[in-house]
Structure formats: C-alpha cells, structure tokens
Amino acid sequence: MAQSYDVIIVGARCAGSPTAALLARKGYRVLVVDRATFPSDTLSTHIVHPLAVAALARWGLLDRLEATGCPPIHTYAFDFGPFTLAGAPGTTDAPVAYCPRRTVLDKLLVDAAAEAGAEIREGFTVEDVLIEDGRVVGVKGRSKGTATVSERARIVVGADGRHSVVAAAVGPEQYHEKPPLLAPYYTYWSSLPMEGRFETYIRPHRGFAAAPTHDGLTLTVGGWPHAEFNANKQDVEGNFLQLFDLAPDFADRVRQAKREAPFTGAPTPNFFRRPFGPGWVLVGDAGYLKDPITAQGIQDAFRDAESCALALDESFTGARSFDDAMREYQRNRDEHALPMYEFTCQLATLDPPPPEMQQVFRAIYGNQTAMDAFAQMNAGTISPAEFGAIVAGPPQ
Ligand SMILES: Cc1cc2nc3c(=O)[nH]c(=O)nc-3n(C[C@H](O)[C@H](O)[C@H](O)COP(=O)(O)OP(=O)(O)OC[C@H]3O[C@@H](n4cnc5c(N)ncnc54)[C@H](O)[C@@H]3O)c2cc1C
C-alpha cells in the first residue's frame, strides 16, 4: 500500500505540533493526530522558561502569545526561609519567562502547525501502531463514532506524552530510571498579585511555588515527598493549604485571595527512552520523562522538536542515514538533559540541600550576578556546571 505521508505525528501539544510545523515548512507531508480537541487543558502546570520563549520567538509565535495578555515573568525568587535568592532567569535576547495556560499555548502551537501545511486531525485516537517486518509503517485509529482507519507514513513520531502508545508498541530500552519522587498538586487563585515574579518556597520535605498566568489568575503548585502520597491523598486541600503556613508572609497574601479551581496533580516517574528505531521516533515526554519540579518539560519538548525535525530532514534528504541522524539526536538530547535530570531528581526528593550547597546559597545571597546565575540554572538557561563555575569565580 502506498505511503500517504512522510511523517505521522501522534500528539499535537508541546512536542508534536512544533515538530509538525518545522517539517511541514520544509515541504514534507505531515499528518498530526490527537485524541484531544483544541483548545483544551491537560495535566500540567505551565512555566515556560526563557529559552523556550526564545523558541517561540524563532517560530514567530511570541507576538501571538504576548497578544493573549499573558504577563511576563522577569524574576525568579527562591525563598529558603532565612533568606531569598532572587535573580533574572534569562539572557539578554530572551530575558523573561511566561506561565501561559495550556489551553492558550497548545492552541497556538496546533494552529501554527496547520498554517505551516500540516494536516491536523483532532479528536482522533490512535489505537494501534502498524508494524510490518519489524518496521513501523503507520497507525490505526479512529475519530469518535466512526470506523477505524489506517494511515501510513515513512516515519511515525510518538509525541504522545507520558502514556505513549507509540512507545508501548515498540518497547524501547529505558535507562536512568528513577521512581516517582514527589506528589505535586496545583490550583489557581484570583487576587494574588505576583508583580512579574515566579516565587518558590523551599522547606524541609515541603515546597511550593506561585506564578502569574492568564486572566489575572495566579498558579500555585506544591507538594510533599512521594512517600506521603497515599497518606495525604485523602485530604489534598488540607495538606496543600498547610504548605502556605510554612511561609507566613505568603500565607497572608493567600488570605486576601480566592481559589478559582480544584486541586489537580499526579506523581511522575523518571526515565529516558531510546528515542528511535525502524520507522519510529519519540519526542517530548514520550521519550524522556521527569518530575515537573524544575518545569523543564515544555522547554525540552521544544528542543526535541527542533532537533528531531532537523535529524529527520537530514535522513529524508539523504544527507545522513536515519540511524546516524537519530543517534546524534539521542546523544544531543541526553548530553543536554542529563545534568538537569539529576538536579531535578535531587530537588524532587524535597530533602534539605546538602550542607555544602546550603553554604553556597548563603555565600551568594546579595551577590546579584551569582543570584542571577542561580535563577538561570533553575530555568535551564545555564547548566549546573556553568552555575558552579560562575560561583567558583575565575581560577586563581
Ligand atoms: C503536574 C505537572 C506539572 C508540570 N509543570 C510543568 C511546568 O510548569 N513547565 C513545564 O515546562 N513542564 C511542566 N510539566 C511537564 C509538561 O506538562 C510536559 O513535559 C509536556 O506537556 C510534554 O509535552 P508533550 O507534547 O511531550 O506531551 P503532552 O503535553 O502530554 O501531549 C501529548 C498529546 O498526545 C495525545 N495522545 C496521547 N495518546 C494518544 C493516542 N493514543 N491517540 C491520539 N493522541 C494521543 C494527548 O491527547 C496529548 O494531547 C508538568 C507536568 C505535570 C504532570
């Protein structure tokens, strides 16, 4: 049977739609399917760090995001109790972060993919991945209330998130695995002004953060170690509200605010997957999942989209073999992601920072360059090693 498409992408959010847009802009025939329809929400908070904002700017979407009235975030503040490290998270070219609702962000991304020429099939659930002679050749699925159809492509991209049906079908090797470490929950408030700040409160075995989003609302996200997940899940609201009491000034601000949404959340396991094989590729959470405490998922999905689209183009044009291009994609992803992954998993334990790190934090308090570097490291703008080098100063 003839291939209808160069690429079928399963999943149309942060990883899928940008991958589709970048490939469609190069002239490839791209089909994107998602069981969701857009705009729609998904299980996720939505800090978009400055380097992800830079990607939106490269794709011509930053103006559109700004036009939605999403407030920019110029400062990340980390409150350790006795002191707060506050700094600028971005770069000169990409100075601010945003916290756009996924209803807004994901719709912008889907529309951009459609404008680029990708065919978008919303409300379409992939039920099966077609495999012939050990090679993925397409997908089988259906829109609600219609008969099952098969679609074929040279490559199927799994951008289908943490419960990826593509990954389940191909069974890729998983590595650097760690169990869920944190039980995170989030909700939204009105009358909780943030003045362009993303604030994080770190206490032993507890933590929470707040950021301004659309419609004058403020997102709060917080949690406790996964070991307490079962004990606390009967009373998420009570346990969540107690978090604020650990930071009395913030608790006072919350008393002036009104909660506008129920609590939502879920623990996340941590792993990398081999992201390619015959006829298939994984991007975003489908290929590399980690705790959301450092809010890297959207930024990583954007990075995967650019890097994967480049690698697929190289393989389609014959500049490199599929295996060579994809090995490079995996190597780049892993080299870039691993230090932040280790940092994220350490933070997600909510164990107090080791004494030597606490000493570093105390030492940089008041040093704006170092506090900016701390904010940049937490944003993923610089690596933990680069932060270490800035704090250590030039070699003597
Ligand atoms: C509690 C929580 C808080 C988070 N906070 C942040 C944050 O502040 N900042 C940040 O950067 N990241 C955050 N993340 C992570 C972020 O949500 C993910 O990394 C990001 O959504 C990954 O994008 P994706 O496109 O890979 O997958 P997803 O956003 O999960 O999209 C996958 C898509 O695939 C579709 N799909 C799945 N299966 C099928 C199927 N069989 N057929 C058709 N369609 C299918 C789904 O409908 C979905 O639309 C958080 C995650 C959680 C759980």
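As the structure lists them, so they are numbered: ligands from 1, and atoms in each ligand from 1. Just so it is clear, the model here is predicted, and its values are computed rather than measured. Both backbone and side-chain heavy atoms feed into the values below; hydrogens, waters and symmetry mates do not.
Ligand 1 lies within reach of Leu43, whose nearest heavy atom is under 4.0 Å from it. Not close to ligand 1: Ala266, with no non-hydrogen atom less than 4.0 angstrom away. Put simply, part of Arg162 is less than 4.0 Å from ligand 1, judged by heavy atoms. Contact annotation: Tyr185 has no heavy atom less than 4.0 Å from any atom of ligand 1. In this structure, Glu127 falls outside the shell of residues with a heavy atom less than 4.0 angstrom from ligand 1.
Of the protein's non-hydrogen atoms, the one nearest atom 51 (C) of ligand 1 is Pro292 CB, 3.8 Å. Nearest protein neighbour of atom 17 (O) of ligand 1, counting heavy atoms only, is Ser44 OG, 2.7 Å. Counting only heavy atoms of the protein, atom 36 (N) of ligand 1 lies nearest to Asp160 CB, 3.9 Å. Nearest protein neighbour of atom 23 (O) of ligand 1, counting heavy atoms only, is Cys14 CB, 3.7 Å. Scanning all protein heavy atoms for the shortest distance to atom 44 (N) of ligand 1 gives Arg35 N, 3.1 Å. For atom 41 (N) of ligand 1, the closest heavy atom belonging to the protein is Val126 O, 3.1 Å. Ranking the protein heavy atoms by distance from atom 3 (C) of ligand 1 puts Thr45 N, 3.1 Å first. Here the protein heavy atom with the shortest distance to atom 30 (O) of ligand 1 is Gly161 CA, 3.7 Å.
Residue His46 has at least one heavy-atom neighbour below 4.0 Å for each of these atoms of ligand 1: 7 (C), 8 (O). Listed by number with element, the atoms of ligand 1 under 4.0 angstrom from any heavy atom of Gly297 are 10 (C), 11 (O), 12 (N), 19 (O). Taking a cut-off of under 4.0 Å to the non-hydrogen atoms of Phe124, the atoms of ligand 1 that pass are 42 (N), 43 (C). Ligand 1 places these atoms under 4.0 Å from at least one heavy atom of Gly11: 33 (C), 34 (O), 35 (C). Residue Gly284 has at least one heavy-atom neighbour below 4.0 Å for each of these atoms of ligand 1: 26 (O).
When heavy-atom distances to ligand 1 are checked against a 4.0 Å cut-off, Ala159 comes that close only through its backbone atoms N, CA, C and O. Contacts of Ala295 with ligand 1, taken as heavy-atom pairs under 4.0 Å, involve both backbone and side chain. Contacts between Arg102 and ligand 1 below 4.0 angstrom, taking non-hydrogen atoms only, involve the side chain exclusively.
Heavy-atom contacts from other residues, nucleotides or ligands closer than 6.0 Å to CG of Asp252 number more than 12.
Taking the six-membered ring where the residue is Trp, Tyr201 and Phe250 present tilted rings, their angle falling between 30° and 60°.
Side-chain N or O atoms of Thr317 include one that pairs as donor or acceptor with a backbone N or O of Asp313 at under 3.5 Å.
Between Thr42 and ligand 1, no pair of N/O atoms sits closer than 3.5 Å. Of the N or O atoms in Ile47, one or more lie within a sub-3.5 Å distance of an N or O in ligand 1. On a distance-only criterion, Tyr186 and ligand 1 share no N/O pair closer than 3.5 Å. Of the polar atoms of Phe38, none of the N or O atoms is found under 3.5 Å from an N or O of ligand 1, judged by distance alone. Looking at ligand 1, you won't find any N or O of Val165 less than 3.5 Å from one of its N or O atoms.
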side-chain hydrogen bond (donor to acceptor under 3.5 Å, both in side chains) assessment of Ser143 paired with Arg121: CA-CA 9 Å; Ser143 305; Arg121 221 175 275 176; over 6 Å; no
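A ring-centre distance under 6.0 Å is not found for Phe198 and His49. Between Phe83 and Phe361, the distance separating the two ring centers is not shorter than 6.0 angstrom. The distance between the ring centers of Phe240 and Tyr185 does not fall below 6.0 angstrom. Not less than 6.0 angstrom separates the ring centroid of Tyr365 from the ring centroid of Phe80.
For atom 47 (O) of ligand 1, the choice among Thr19, Val32, Ile298, Asp34 with the nearest heavy atom turns out to be Asp34. Nearest-residue assignment for atom 25 (O) of ligand 1 (options Gly16, Ala15, Ala12; heavy-atom criterion): Ala15. The nearest non-hydrogen atom to atom 26 (O) of ligand 1, considering only Leu182, Asp285, Thr37, comes from Asp285.
For the pair Asp106 and Arg101, the salt-bridge criterion is not met [side-chain N within less than 4.0 Å of a carboxylate O]. Between Asp300 and Arg303 there is no salt bridge, since none of the side-chain N atoms of the basic residue sits less than 4.0 Å from a carboxylate O of the acidic one. Taking a cutoff of 4.0 Å between a charged side-chain nitrogen and a carboxylate oxygen, Asp41 and Arg102 do not qualify as a salt bridge. Contact check on Arg253 versus Glu195 returns no salt bridge, with no Lys/Arg side-chain nitrogen under 4.0 Å from an Asp/Glu carboxylate oxygen. In summary, Arg35 and Glu127 do not engage in a salt bridge, as defined by a charged side-chain N under 4.0 Å from a carboxylate O.
Note that CD of Gln368 is 10.0 Å distant from CG of Leu85, once rounded to the nearest 0.5 Å. Taking SG from Cys308 and CE from Met326, the interatomic distance works out to 4.5 Å, rounded to the nearest 0.5 Å. Atoms CZ and CD, on Phe271 and Glu173 in that order, are 13.0 Å from each other to the nearest 0.5 Å.
The cationic atom of Arg274 (NZ for Lys, CZ for Arg) lies less than 6.0 Å from the six-membered ring centre of Phe276 and within 45° of the ring axis.
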